[in-house]
Amino acid sequence: MLIKWYNCHNAPGGPSNHSEWNLFVTCLMNMMGYNTDKLAWTHNLDFEGSLSPVIAPKKARPSETGSDEDWEYLLHSDYHRIVELHVLAKSLQLDPLDVPISKDDGSQVLNLDATALLFSHIPAIFYVLHLTYEELKLNTLMREAIRSLVILLLQLARDLNLHSYMDFYFRDFPAFLRNSKQTCHIEPTEIGFMSYPSFFTAEPPSIYHWLSSCLKGEEVAAYPYLPGICERSKLVVLSVALYIRGDENAVSNETSKYLSKITAGKQILFIIKFLFRCSLKLNPVVSDLSEKLVVWMSDIGFSLQDLESLPFGVALPIRHAIYQCRQHPASDWPESVCLLIGRQDLSKQACEGNFPQTKSVPSAEVPPPGEGEEEDDGMNDLNQEVMSLIWSEDLRVQEVRRLLQSSHPVRVNVVQMPEVSDHEYLEEKENRLLQLCQRTMALPVGRGMFTLFSHHPVPTEPLPIPKLNLTGRAPPRNTTVDLNSGNIDVPPNMACWASFHNGVAAGLKIAPASQIDSAWIVYNKPKNAELANEYAGFLMALGLNGHLTKLATLNIHDYLTKGHEMTSIGLLLGVSAAKLGTMDISITRLLSIHIPALLPPTSTELDVPHNVQVAAVIGIGLVYQGTAHRHIAEVLLAEIGRPPGPEMEYCTDRESYSLAAGLALGMVCLGHGSNLIGMSDLNVPEQLYQYMVGGHKRSHVGVNREKHKSPSYQIKEGDTINVDVTCPGATLALTMIYLKTNNRSVADWLRAPDTMYLLDFVKPEFLLLRTLARCLILWDDILPSVQWVNSNVPQIITGNSASLHTGEQPASEDLNMETLAQAHVYIIAGACLALGFRFAGSTNLDAFNCLCKFAKDFECLSGQAASTTGHYNLETCLSVVLLSLAMVMAGSGNLKVLQLCRFMHKKIGGEMNYGFHLAHHMALGLLFLGGGRYSLSTSNSSIAALLCALYPHFPVHSTDNRYHLQALRHLYVLAAEPRLLVPVDVDTNTPCYVLLEVTYKGTQWYKETTEELMAPTLLPELHLLKQIKVKGPRYWEIVIDLRKGTQHLKSILSKDGVLYVKLRAGQLSYKEDPMGWRSLLAQTVTLRNSEARTFKPEAISAFTSDPALLSFSEYFCKPTTDMGQKQEILDLFSSILYECVIQENPEMFPAYIAIDQTVRGLEKRETTETFELWQIKLVLEFFNSQNLHERMKGIPCRRLFMNSEFLPVMKCTVDNTLDQWLQGGGDITLHSYLAGQPVDDSQLSMLACFLVYYSVPAPKMLLEGKLEGSNSFSELLLKFQDLRMPARALLRLAPLLLGNPQSMVL
């Protein structure tokens, strides 16, 4: 068989698309035993090209003039049949041509060749072709193929004497019945050679009948299904079984209940895979049938294009399920599901989920016109469009840029007194500039916070680092003031660390998602040695944002061997931050080289600068964070109390090293509390307590005991621990180990002393650390109230608080008022800092008000009380409280905190040193963290990073690293997390305002509660939330359910926080219509009032942006002059169009039009096929489906899927048209048909429409039911029950069946 078809198909020249089917039919029929030359309709098939050897070529005609045979050939051709059935022929009202009866027709009985190859398989071939025919019915693009196939099927059904099949094809194509009726005779003896397969049924399987029965709630047999061929039939059957019958197991592996699979021979592997492909996928969680259906269809690869090619009646249940899902979709559905349900916002979210990798707003647009000089201030890459939505009512962002810019000369405004000489005046200006430079050098840390992760660099260009400008301009002549003139003494290397911070700030602009590599990092290395400090900071920043892992090991080696101290610090901290908590062995080796305590005792002593050792120790803490690694913890515990060695080893800046060891130990054992497995012999808490309060030194154990045998020759500490060195590190180590454990026994160690004698033993600033430590351990006890803050102050201080404020003498001479006053302010500051940590990034109003109160108290403290406390101490405490405020309000840009920061910015000279400026501008940076896109987390890791960054002892000058390494100030990056949700309109691709409903989980402090926020907004920490919902009515609803996990929302937030949203029809954005008044115009149309039709087509743009609908409105809904009869159609189109866009189901628009056109065609009696009528019937049955009605009752506020007025009107029109036909002589035709008599050709089409619409069974079934012999209507009604016919059909057939074939008036 295959050889014959191959020879046929691949003859020289080959067939065109059109003739391939004709070749196939001829070849197949030849192989089944037909003589295709004698059979009229195959004889006249048009092959359009060279013919195969199987088919005899037609002889060339010698005559040029032609003959009657040519005309007959044309009339019998496919081409004529297609043209005659064309819509244009109907529109022009062309009369059909009478086809002359062929000489061969009827006059000659053709016999089939029983010896043909496929003769015995004719029934099987016929049945499979019939199933293919039913499959093609489910694709509106295959109508031409159906018309070609039905001719073949009719011939086979006639020859096999299958009257039910012939009747079935007649109902589909009534016009074809009057074509050739030539029958081929099969000898009775030869019929025995035919093998009827087991799956062959006497009644033709019909997908439309099956669907109709399902919709009516009747019991249905399994539908025959040919794997690999009838895939659409399978999909439609299973989807209706699931959605209409409510059988959730319909789309599982057990498909045999609704489908009977037809197979021949071996099972094909790919078919099995296709059948069960949906079950192998991890499906999203679904809650109802519509969701299950949509997700299943997406899984098996069903797309919108497939849906559009389904006939509208068949597609209706699927479209209804899609419409239900569109109202309340899950936000984490895959892109394919979102595309299927028509939610462009969700599909774009699933597809992109972020802005393009470049900046959203070009940098040229950022500075206002005429301010091109601002282009180099390092703050041009922030998304102005989003920030203008967040802070739309003032210019706070411009103010922050002004406060944090360090690239322009400062204004040095000094008035020259008459008695001051020019030289002295010059010195005065330069001294003033030196004071201002202390502030300028502190700005880059804050700028780094402000511009955090805001830039995607171009890989072919170096990163621009804004210049750190330490010059000034003196009015009125704007003369330059410089520190290099030699008139005053300027500290050496004053700008080293400022340049480092400037490099870090520039590097932190790079977003973690940027595409950069090792070559680009090396490419940025400056050739100028003066810029080495900036590059060192740049390397640290790349580590903090995760890019330093891309730097080749060889390059790391090159940088470290140069011996540049700053580069080593930046690189070691950077690679450690990039490998946070990984215990990476290569990084451990790298760090160990710089830490003598981690090297073997016999190793060569390396001359490692002190600050590099400090950075390496912190690096070890970062790499081993949370691991509780015993060896590392043991070494770090010993290093907190590392004694000074001989020959001035470890003698300078010991405090910063001890603090670093304490911080690192805290990180390694972070949050483990008393569960430090395998470390019980180290007595970590007891050893730390001793470091904190003092006592005799313990002998060193382990590998480093030899190193500490020789005492220092310069520093005489004796056998006691130097608490001034070890206390801060030990306190913070205890804090981190017992963080959030609520361990009261350890917390009591840290309680502030409550006697004057004990207070004298503790430095006041250590009381700040102890209070902070105690509060962080008792995490759940922290309350945002003034009472709680004051509860941390011991009785001895609160009892004398009146004396502290008035400056009076204390009640007892033993009390030292200065000690009490300092202890008081530091304890309050420590409690405020703990409050800042506890409510970091929460914008908690109670915490904010409480901290504001204490900030105001410190600010207003003056006179005797201020002098008793000390201005330096007051400034330290005020800075700490300001930082606490900024932590609570991180990323929010709160105006009150900004005003406080600006007030502190203006204070220069006096006690205002570099460290205080650093603290104030860090607070300002935290307040606008990442341009309002980032906030702070309160996870253990984040708190550890913030303790390093916000350590409350600030450097006195720009090169001061004695107590705390300045580079650690940038570790706040590890605590920053993106929390800004930016709604972006999916149609305009611009950020917009959207109302969010945020639901908090219930906790021990509050019940489950819901809050409304206007996005763009900073979200609370995700672990506190239960659900986030985009609230209507303006935008389509989106629900992000965090009970399923926070990963989906984290993914959105990490990609610039873009949440795509879509405006509902007739709604305006909050920016265009803040109060919602203008949207009322659109809402009047959404109500079903009579004035809807009078709406102008131009108004459609307020409802939809779909170009197809806008074009339809333009060309088909605009009235023109002399409309005449077209006015009615125009009104109908307008009302249908508004119905679709208002109800937001424009996909139903073609269905409305198709129903209208079908009904109009039926009224004009132009129907030649009944497919469209079948679809109307399925639509009506769908909306009458009992199962669907019961399920829809439980859905609140459901929107109408289809106009409640349109369908009844259409149904009534069809009923009236068919009744008029019945009354006008159709009853005679119907009676003839039921009696098996010939029917007038002109009545065939309307007869078929009647039979299909009223589900009239085949005449054979009516005969079997013995209906015609009935004497009464009641008897007829009883017999009708088994035929599953609707009552309205019975009413119309009853007069005929009861023997009264007169015209009926119903």
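Please read all numbers here as calculations on a predicted model, not as lab measurements.
- Without hydrogens or angle criteria, Glu291 side chain to Ala321 main chain gives no donor-acceptor distance under 3.5 Å.
- Taking OG of Ser454 as the reference point, atom CG of Asp381 lies at 5.0 Å (rounded to 0.5 Å).
- Between the side chains of Tyr1000 and Glu1011, a donor-acceptor pair is found at a separation under 3.5 Å.
- Between Glu1147 and Pro1150 the shortest heavy-atom distance is O-CD, 3.3 Å.
- When the shell of 6.0 Å around NZ of Lys1071 is examined, it contains 12 or fewer heavy atoms from other residues, nucleotides or ligands.
- Arg326 forms no cation-pi arrangement with Trp333, by the criterion of a distance under 6.0 Å to the ring centre and an angle within 45° of the ring axis.
- Looking at Ser942 and Ser939, their side chains do bring a donor and an acceptor atom within 3.5 Å of each other.
- Listed by first and then second residue, the ring-ring contact (aromatic ring centres under 6.0 Å, His included) pairs that reach into residues 378-397 are Trp391-Phe928, sequence neighbours excluded.
- Leu929 contributes atom CG, which lies 9.0 Å from atom CZ of Arg933 (distance to the nearest 0.5 angstrom).
- Taking 4.0 Å as the cut-off between side-chain N and carboxylate O, Glu1037 and Lys1031 do not count as a salt-bridged pair.
- One finds the OG1 atom of Thr451 at 9.0 Å from the CG atom of Leu404 (value rounded to the nearest 0.5 Å).
- Between Ile390 and Gly932 the shortest heavy-atom distance is CD1-O, 4.4 Å.
- Using a cut-off of 4.0 Å between Lys/Arg side-chain N and Asp/Glu carboxylate O, Lys1062 and Asp987 are scored as salt-bridged.
- Heavy-atom neighbours of Glu393 CD from other residues, nucleotides or ligands within 6.0 Å: at or below the threshold of 12.
- Going from atom OG1 of Thr938 over to atom CD of Glu977 covers 8.0 Å, rounded to the nearest 0.5 Å.
- For Ala541, the side chain to side chain contact (heavy atoms under 4.5 Å, CB included) partners are Val504, Leu508, not counting sequence neighbours.
- Side-chain atoms of Gln625 and Ser941 include a donor-acceptor pair closer than 3.5 Å.
- Every ring-ring contact (aromatic ring centres under 6.0 Å, His included) that Tyr243 has, sequence neighbours left out, goes to His320.
- Here Glu1008 does not pair with Lys1001 in a salt bridge; the nearest charged N to carboxylate O distance is not below 4.0 Å.
- Shown here are the side chain to side chain contact (heavy atoms under 4.5 Å, CB included) partners of Lys740, two or more places apart in sequence or in another chain: Trp779, Asn940, Ile943.
- Annotation: the span from Cys1140 atom SG to Leu1109 atom CG amounts to 8.0 Å, rounded to 0.5 Å.
- For the pair Ile322/Leu293, no side-chain contact is recorded, criterion being any heavy-atom separation below 4.5 Å from C-beta on.
- With sequence neighbours left out, the salt bridge (Lys or Arg N to Asp or Glu O under 4.0 Å) criterion links Asp846 to no other residue.
- A donor-acceptor pair shorter than 3.5 Å can be found between the side chains of Ser1069 and Glu1072.
- The distance from the NE2 atom of His970 to the CE atom of Met449 is 8.5 Å, given to the nearest 0.5 Å.
- Between the side chains of Asn380 and Arg401, at least one donor N or O lies within less than 3.5 Å of an accepting N or O.
- Taking Ser842 as the reference, Phe839, Asn844, Val888 meet the side chain to side chain contact (heavy atoms under 4.5 Å, CB included) condition, with sequence neighbours excluded.
- For Arg1034 and Tyr1070, the positive end sits near the middle of the six-membered ring, less than 6.0 Å away and at most 45° from its axis.
- Across Ser298 and Ser336, no two heavy atoms sit closer than the pair OG-OG, 2.5 Å.
- Between Arg402 and Glu399 a salt bridge is recorded (basic side-chain N to carboxylate O distance below 4.0 Å).
- Here the shortest heavy-atom pairing between Ser935 and Leu1018 reads CB-CD2, 4.4 Å.
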